Every structure is written in C-alpha cells, then in structure tokens.
Amino acid sequence: MTPEDWIRPAHLDAARKAQHEIAARAETADRLPEAPALVAGVDCAGAARGAPDRVRAMAVLLGAEARSRPLATGLAEGVPAFPYIPGFLGFREVPFVLEALAKLPQRPELILVDGHGVSHPRGCGIATHLGVVLDLPSIGVAKSVLVGRVEGELGLEAGSTAPLVWKGRRIATALRSKRGVQPLFISTGHRVSQDRAVRLVTEWLAGYRLPEPTRLADKLAGEARLAAKEGATLL
DNA sequence: GCGACAG
DNA sequence: ATCTTGTCGC
C-alpha cells in the first residue's frame, strides 16, 4: 500500500517529506533480471502554449528483440495537480505515468525514465519516485543536470563517461551516448546499481542520443500531442 | 541575499 | 516542456 501522499501530496511540505520517505526506500544495489527482456520507456509531453496546463504520459514496452518495434504502448492524459517546480517533477508526472503503464499488457522488468533518479537534492528524482512506488527496477535518463557537476574530462567519443558529483558523492554518470551530442546523465532509480544502469542504457542505445525506450516514448508522446492538437482544431 | 534550476 | 526555418556538420 503506497501512501497517497507519495502520489498526490496536498502541499509542498508534504511532497518534500514524501521524497525523503521514498528516498529512504530506494535500493541502489542490483535486484533485477540478468538480462531484462521487457523494458518500458516513459516520457511526458505538455500542452501547447496558450492551452490549459495538461500532461500527456506515454509508456512504451519493448522486447529484447525488435527493439524499435514497440510490443505495446499506453497513453494517459490530464490536468496535473502540481505546477513544474525543479525538484518536484514527480508529483506532476507520476500520476499520469502510472496510468499509462497500467495500460500495458504486461509489467515491465525495468523502466527507463526521462529525468533523474537519485541525482536529486533529496535523492528522489522521478525515476526513483516511479521505481519505489511500483517496486520495479528503474533508471533515470536525464538530458541535463539538476544538481552537481561533471568532474574530469568527458571524452567526445560515443561511450565516454565521467562522474557527476555533488557534495563529494558520485550521484550519476555523464554518458556521451553518441559522438558529438550533449551527454546524458544516468542515475540509479531503484533496484539498479549505478554501473549497471550505465551498462543497461548503453545496451539499449540504437544510434540516437536517447536509448530506444525513452526515445520512442518521447517521440510517440509528441506525436500524440500533435494528433490531439489537430483534433482540437477540427472541433 | 543571489544564482541555479530534471521536464 | 514549448515557441520554430534554415542551416552547419558528419
């Protein structure tokens, strides 16, 4: 039974408290299959400018083979209870992501999330949030830094890595997923170690900056948003 | 007090 | 996240 405050806290203080509770339950050691064959990627798209604040969550389920052909997709949308506040992204998107994941025919063995895991002020980024609530292995795949700084030199070649450090701790790994692109920041979400997280993300790359699960979720969420916009125009 | 600040 | 055409580089 997950506390309602973990999903829909009434206030920012309750949200902050929930993050501390979730972070305390996050596992940073590997507790997942040797080779996850069912991986889900999730991402959210917002409403167009001027339109009322809405969130559209897309969940994509991929199998170990045919990684560019989703086995299934789940879509959910609605009005978020939280505005976007750096450090509190989960309370805005998690409700819809849970709904989108529930529409998948099977429970994934691993979830790749667009955003940070433990590389967060309170060790509770959206990937950790989702992972703990669902008690599923999860990894944070962020496109920019929230806290901390990259130490050392990050090579320009694909596969290069460098630690993201904050308060003397390595909280994530900067990964050059493709030559010539800005790095990704990979962090433990839940039940996956930092090093394993980087290996898994690397294994699910397919020539693009983002790993397939997240890349497809991002693309499909965007397409669904455009489709909705067209529909609204026709009405 | 000032600057930073996932999506 | 979103607003947006052309353009520079592999």
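Predicted model, so just to flag it, every value in this text is computed and none were measured. Each chain gets a letter, A, B and so on, in the order its sequence line appears, and its residues count up from 1.
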| query | A/Gln194 and A/Thr28: side-chain donor and acceptor closer than 3.5 Å? | reply | no
| field | Distance-only donor-acceptor check, side chains A/Asp30 and A/Ser193, under 3.5 Å | value | yes
Output the rounded distance in Å from [atom1] ([X]) to [atom2] ([N]).
X        : N     : atom1 : atom2 : result
A/Gln19  : B/dA6 : CD    : C1'   : 12 Å
A/His120 : B/dA4 : NE2   : P     : 19 Å
A/Arg92  : B/dG7 : CZ    : P     : 13 Å
A/Phe82  : B/dC5 : CZ    : P     : 22 Å
A/Arg122 : B/dA6 : CZ    : P     : 13 Å
A/Gln182 : B/dA6 : CD    : C1'   : 15 Å
A/Arg149 : B/dG3 : CZ    : P     : 20 Å
A/Ile171 : B/dC5 : CD1   : P     : 13 Å

Report which part of the nucleic acid [X] touches: base, sugar-phosphate, or nothing (heavy-atom distance under 4.0 Å, all strands).
X        : result
A/Val147 : nothing
A/Phe88  : base
A/Gly140 : nothing

| Would one find a side-chain N or O of A/Ser144 under 4.0 angstrom from OP1 or OP2 of B/dC5? | no
| query | Does A/Lys143 make a side-chain N or O approach to OP1 or OP2 of C/dA1 shorter than 4.0 Å? | reply | yes
| field | Aromatic A/Phe82 / basic A/Arg92 pairing, under 6.0 angstrom, 45° off normal | value | no
| query | Between A/Arg176 and A/Glu157, is there a side-chain N and carboxylate O pair less than 4.0 Å apart? | reply | no
| Between A/Arg191 and A/Asp135, does at least one N-O distance fall below 4.0 Å, as a salt bridge requires? | yes
| remark: On DNA chain C, more 5' by nearest nucleotide between A/Arg179 and A/Ala47 is A/Ala47
| task | Output yes if the stacking criterion (under 5.5 Å between centres, under 30° between planes) is met for A/Tyr84 over the base of C/dA1, else no. | result | no
| query | Of the nucleotides C/dT2, B/dC5, B/dG7, which one has an atom closest to the side chain of A/Glu93? | reply | B/dG7
